[in-house]
Structures are given as structure tokens and as C-alpha cells.
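To keep things clear, I will list the structure first and then write my remarks on it.
Every chain is numbered from 1 and lettered A, B, ... according to where its sequence line falls, protein lines coming before strand lines.
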Amino acid sequence: MAGEGFYQEYEVFSRRSDTSPMQYQFSLLAPNAELALVMAQENFLRRESASDIWVVKRSNIRKMTLDEKESLQRLDNKEYRNTKGYGYLKKKWRQYEQGMLDEKEIMSWGGKQSDENPHS
Amino acid sequence: MDNAISFEMLTEEEKYKHFIERIEAKSKIEADDWMPEEYRKTLIKLISMHGISEIMGALPEKEWVPKAPSLKRKLGIMAKVQDEMGHGQLLLRVAEDLMKPYGKNRENIMQDLFTGELKFHNVFHMEAPTWADAGLIGWLVDGAAIITQTNMLDASYGPYARALKRICAEEVFHAQHGESIIMALAEGTAEQRAMVQDSLNRWWEALLMFFGPGDSSTTGTSKQDITIKYHIRTKTNEQLRQDFFTKYIPRVLSLGLKLPDESMRFDDESGKWLYRQPDWSRFKEIIKNKGPKSESRLRLRKISYETNEWVREALSSRSSGM
Amino acid sequence: MKILTPEEAIKNNAYKNALTELLYQLADDDFILSYRGSEWLGLAPHIEEDVAFSSINQDTMGHAAMFYQLLENLGEGKMDGLAHNRPANRWRNACLLEKVNGTGHYLNEPKYDWAFAVCRHYFYTSFKKIRMESLKTSSYQPLADAAVRVSIELFYHQLHWKTWFQQLMLAGGEAKTRMEKAIQTVCNDFGGVLGLGSLGESMVTFSLIDSEETIKNRWNCLMESIFEGVSSSLPETLGSMNGDGRNGVHTQDLEAALKTLSEVYQLDPTATW
Ligand SMILES: [Fe+2]
Ligand SMILES: [Fe+2]
């Protein structure tokens, strides 16, 4: 494959820690992905930690046009998709003398040894 | 997509109206969005000049990088000048994306710099003959830059606003780096104190000029009205200069330094600083690359560009992926 | 035998002499090379690379500062004095590392040679990595600790310079010619980098560091595999053409560099800057 010039556009993404999502940083010019990668951290993350970096050639990104961005709009009527639409359950469970297993409660379970004794 | 509502189907006039509505509503314009020619051209001019000024601005301080008087100062000023190159990188990327529809890239920016087509900021044409200048640049030139750059943090052009956000965060370090050098000198020996005063005298006029002429009647070239119209910035040159005085004059005086303008004072009635105007005809000359260091700094950039041409050439023909 | 503190180290004169000599080599190598790197600031082939290169120079000067600190702790004087106030014959860096970046001066017609920068830095970083590995088991514990810390940043330096080295070597044409010339220049003086100077034997006896031979073999092994990957080979001989820096023999380049780097400091060595 023939080269396309020194000034190729690369988009740089990084993850702050192993558990953080990939985040867009900025773009840089480099002749190829390897050099883009060795320059990425020092250009955009000199004062931040990173546990991973991706460089993506810009021409490989399919972006949205202005018209297409219009397609991102939605009505605010989708309560059935969220816990918001099921808030009445809290009251219901109270009638059965049970607590509600809400998001806060469920997200707190992850992998932890349970110290709760169901018979107490 | 239904053609009847497609943006592409709108007339130029309707597009312009839609665009103005968007910036009035504070939504951000992105690189691939439609924008009026005047907006694009104004941004290209503003941002490429800003970007190349960062690159050229690295040079006066860079003179002092190898000479900084301690390990800590050597490291500090290296990091500071590196940031300025980094600011150039961010801003040139933003400018390059705007120029893309005209088939231009970084190569063209460099060539425009060498031909004098692309100007760089007046302060970076000036001499920096002592270590105190390295400190004063960090303290007051960066201080002035902070005032103008924070004024555009909410610019309607998204990529510029995002680059400025990164830049301003680093400017805080620059200002403190400069303050630290200046404070050490101001609290030092008589020679060190004299060095700072000398430097302030030397940079005073350039600092006043930094914000540009008060209105276009002075030089006939002010672009401030257009940038305000398009929500790129909010304050005028004079407002910014006044802000700078308010923030820095008390600090300059508190270190025991003398203002090079004896007539300067704060006028309670108008709520403004009164000061002696710099020589605006000299300003016009300086930014035409006729300042004391214009030639030699352009020469440095050009040598670096040409001497390393083979590197860019060699890797241009290489395919991606080893 | 482990020596845990500077107080302990200075009890044995022979030990202390070997240790300080080694520390000067480590500190001066990193300091003078990062000084050369700092002259490049703003002049690199590409803006993005300018930024990346500067980080490496800052890291390297940071390493020098760590070694000067160890010397200061041994009573050699303040670290800023060590870096800014010693005559050239007291410097222990290898002559390769003091060599100018190219013709001209950083403020005047700097026709700097990127091929030389890549080769010098790449060869030196590879060597430094091996040297730090060896120092991790040094009998002087503060040095072993420093080696662990320094090694962390060498992964990036190594990756960065290796990428440039391989790409320019594989680019062929003018780039390859320039690179081969630079490799020769670097090898002409690389023997001086690998050397331990006149107290080398004592350093090894005191288990401060592995022998010249051992480190040289490890480095050769590493370089051979790299050169194979770019279908080339490392020159047979490694010399010290420009002098034996480990024993205080230096070039005009160092004299000039010291004058520049201490210009402000020397205005008043007792002042606070
Ligand atoms: Fe800046
Ligand atoms: Fe700055």
C-alpha cells in the first residue's frame, strides 16, 4: 500500500484507569499509527494518568451529518424503559413489609461477600 | 431521510438563519457543520494565528531553557515551553480542520508563516535578553494570554472552545511558574531586582499592545466586531486590557516594581485605568515581521523545518502498519 | 553485603570512592544528554514529536537529579552546584553524550541531525535499561531503589526511540543513508558509554554494578536482535574516539555546553534563583 503523506489525522482515546470508559482526547497528525501511538500520551495526557490508549485513523470513523444528528432527538415519554416508571413499587413492597431493591441497592451487591444473615 | 426537511435542501439564506439560531441558542458549531464563509475565514485567521503564535512564542523562552539556573528551573521551563508547543499542536489541529475544505494543511500553514502571510503575535517579536525575561514572559505575557483566552472559553466554535479549555488549565501552571521566577528575583540581590525592573520596562509597551488596538480607527485592521458578532469572544480589546490592569497592576506594585508609565492611574470616575498609549504605528510594523527578533525567530523555524524535511519525506511514503 | 545509608557508605573510603565515581557517571550521563535534548526543544521534525521528545528530556533530567541527590547525600555538595559549578575535567559522562546535536548553535543556524538524535538516544536508552537492571541489585540500597524508580520511565523512552529507529531504517533511501552514518558516529564513541572508568574493578568488587563485559554482552545481544529486524547489522567495533569521559577526558563540546548551562547560575552562585 502506498503512503498517503506525513500528515495523517489520528483521533486519540484513552482510559484513565482499568475500570474507566474510553474517553476521546484530541486529534494529532502522524505518518502512521505506530508513531501516532508513541506521541499520543505526551501530547494529551502529560498531567493525567492513563491505563490504555487507542489511536484511530480519522478516515475510518463514520461521522454523522447535520441532518443525521437530528435523528438523535427523542420524545421524553419512555418512562416504561426506566425505573422511573416503576416507582410505585416502593409503596407496594412496603405493604408487604419488604424493602425495594432499587438501583442503589442492586449496584452495591457486586462481588461482595454478603454479611447479611437472612434469619436474623 | 425525508428530503423536504433535509438541511442540504435549504437555501444559503435559510442555512445562515439556522446557523445564527444555533449560536444564539449557545449550541456549538462543529468542524463538519455548515458555517458561513465569513465565520470559517474569521476562525481560520484567528486560530491559525493563535496556534502559530504559540509555536513562535516558544522561541523567546526557549532561549533560556538550556540556561535556566538550577535543575528545578531547567525542568520547570522545559515543561512550560513544551506546553506552548503543545498549545500550538492543539490549535493548529483546530485550524487545519477548518482549512480542509480549501485543500490546505499544516504544510500550508508553515509556508504561510515563512512568506509572512500568516502573522504571529506582537509579543513574540521582542527580545528576551535576560533570565528575568523568561520569568516575566511566564508571569505577564502568559497572564495577558490567560485574560484573552478565558474570554473565548465559551466560543461558539466547539473545537476551539475545547482546545482553549485544555490550554487555560495549563496556563495556570505557566503563570505560577513565571511568578515563582519573578518572586525569587524580586526577593533576591540588588542585581536580581534590577534585572526584573529592566525586564518590566522592556516588556511594558509590548504588553499594552498585546490586546490589540482599542478600536479599528487606530490601525484600521481590528477584527473584534466580527468575532463578537459570531459569539467567538465577548469582550473588546480595551475591556480585556483593562481587566489585565486590574488583575496585575496591584501585584506588580506589591513586589516593589515601578510602572514604566508614571502617568498611569485608576480613574474612579470612569472606573478605568488611564495610561499612555503605546505607539500603534510601531505595533503595525512589528506584526509585519519588522520587530527586533522577527527575522531571527522566523529563521530558526525555517531552518528546523528545512533541516528535518527528509524525516517527513521518508515517512510519507511508508505504508501504515509495520 | 548491603549498605543502607550514606553514613554507612562513607565509613569505607574505597567503597565511597567507587560509589561516588559511579554516581557521577550516572548523573552526568543523564544530565548532559537531557541538556542536549533541551536544545532541540522547538526544533524537532514535527510539532507532536517536539512535545513527546521534551517529556523524555524532562524524565531524563529528573533521573539525573535523583543521582545528584544521592551524591549530595554523600557529602559531595549541593546538587545544583554539582550540575552548574564543576570544571569539565571533573565530569564523568561519556563523550558521546556531550556531543553537539549538529552544526550551529541552538539560537543560531541550528542544523540539527535527527538521525543522530534517534540513534544516540535509542542506543543509550537500551544501554541505560540494562544498566538500571543491574543496579537494581546494587550493594548500595539507595542506588538500587533509585534504579527501580528510573526503570519505570524507560519503557516509554525505549518504545519511542525504537519506533523512530525502525521506521527510519526501514524507510530506505536518504533516510537509511543518514541513519547508517549516524549509527557509525554513535558506535565510534559507544565504547566510552559502556566503560566504567579507572575505578570500574572496584565498583564490581563492591557489588555496586555488573562488570563492563557483562553489560556490554547484554547490550550487544539486545542490539543484534534489533538490527536483524531492520535487515542491518551493528558495526563490529565500539570505540571511544572523542576521549575517555569516564576518566575526565572531554571535548570542546562539553566546555561550551557547561558555559551555556551555567551562564545564569554563574552570575551569582550564592544567590537564590
Ligand atoms: Fe500557551
Ligand atoms: Fe502559556
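- A distance-only check finds a donor-acceptor pair linking the side chain of Gln82(B) to the backbone of Val51(C) [under 3.5 Å].
- Of the listed residues (Ala65(C), Ala115(C), Ala64(C)), the greatest number of heavy-atom pairs within a distance under 4.5 Å of chain B belongs to Ala115(C).
- Interface residues of residues 25-36 of chain C toward chain B, defined by a heavy-atom distance below 4.5 Å and sorted by number: Phe31(C), Tyr35(C).
- Considering every non-hydrogen atom in both Val65(B) and Ser38(C), the closest pair reads CG1-CB, 3.8 Å.
- Listed in order of number, the residues of residues 257-267 of chain C that approach chain B to under 4.5 Å between heavy atoms are Thr260(C), Leu261(C), Glu263(C), Val264(C), Tyr265(C), Leu267(C).
- Atom NZ of Lys176(C) is surrounded by more than 12 heavy atoms from other residues, nucleotides or ligands within 6.0 Å.
- In this structure, the side chains of Trp164(C) and Val311(B) come closer than 4.5 Å at one or more pairs of heavy atoms.
- Looking at Leu71(B), both its backbone and its side chain come within 4.5 Å of chain C, counting heavy atoms on both sides.
- Interface residue Gln192(B): only side-chain heavy atoms are found under 4.5 Å from chain C.
- For Arg297(B), no part sits under 4.5 Å from any heavy atom of chain C, backbone or side chain.
- In terms of heavy-atom proximity, Ala171(C) sits nearest to Leu315(B) at CB-CD2, 4.4 Å.
- By the ring-ring contact (aromatic ring centres under 6.0 Å, His included) test, His46(C) pairs with Phe6(A), Tyr7(A), sequence neighbours left out.
- Neither the backbone nor the side chain of Met56(B) comes within less than 4.5 Å of any heavy atom in chain C.
- For Phe67(C), there are no ring-ring contact (aromatic ring centres under 6.0 Å, His included) partners two or more places apart in sequence or in a different chain.
- Counting heavy atoms from C-beta on, the side chains of Met110(B) and Ile47(C) come closer than 4.5 Å.
- Contact of Ala58(B) with chain C is not made at all, since no heavy-atom distance falls under 4.5 Å.
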Could you walk me through whether Arg299(B) and Glu109(C) pass the side-chain contact (heavy atoms from CB on, under 4.5 Å) check? CA-CA 8 Å; Arg299(B) 175 85 190 133; Glu109(C) 304 290 303; 2.7 Å; yes
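- Between the side chain of Asn308(B) and the backbone N or O of Leu43(C) there is at least one donor-acceptor pair closer than 3.5 Å.
- In terms of heavy-atom proximity, Ala44(C) sits nearest to Ser304(B) at O-OG, 3.8 Å.
- Residues Ala271(C) and Thr189(B) share a closest heavy-atom pair of CB-CG2, 4.3 Å.
- Counting all heavy atoms, side chain and backbone alike, Pro66(B) lies closest to Tyr106(C) at CG-CZ, 3.5 Å.
- With hydrogens and angles ignored, the 3.5 Å screen pairs no side-chain donor or acceptor of Lys62(B) with any backbone N or O of Leu107(C).
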With side-chain contact (heavy atoms from CB on, under 4.5 Å) as the criterion, how do Trp273(C) and Leu185(B) come out once you've worked through the C-alpha distance, each side chain's angles and the decisive distance to 0.1 Å? CA-CA 7 Å; Trp273(C) 291 97; Leu185(B) 296 174; 3.7 Å; yes
Check against salt bridge (Lys or Arg N to Asp or Glu O under 4.0 Å), Glu48(C) and Arg93(B): CA-CA 11 Å; Glu48(C) 279 84 344; Arg93(B) 283 302 307 123; 5.3 Å; no
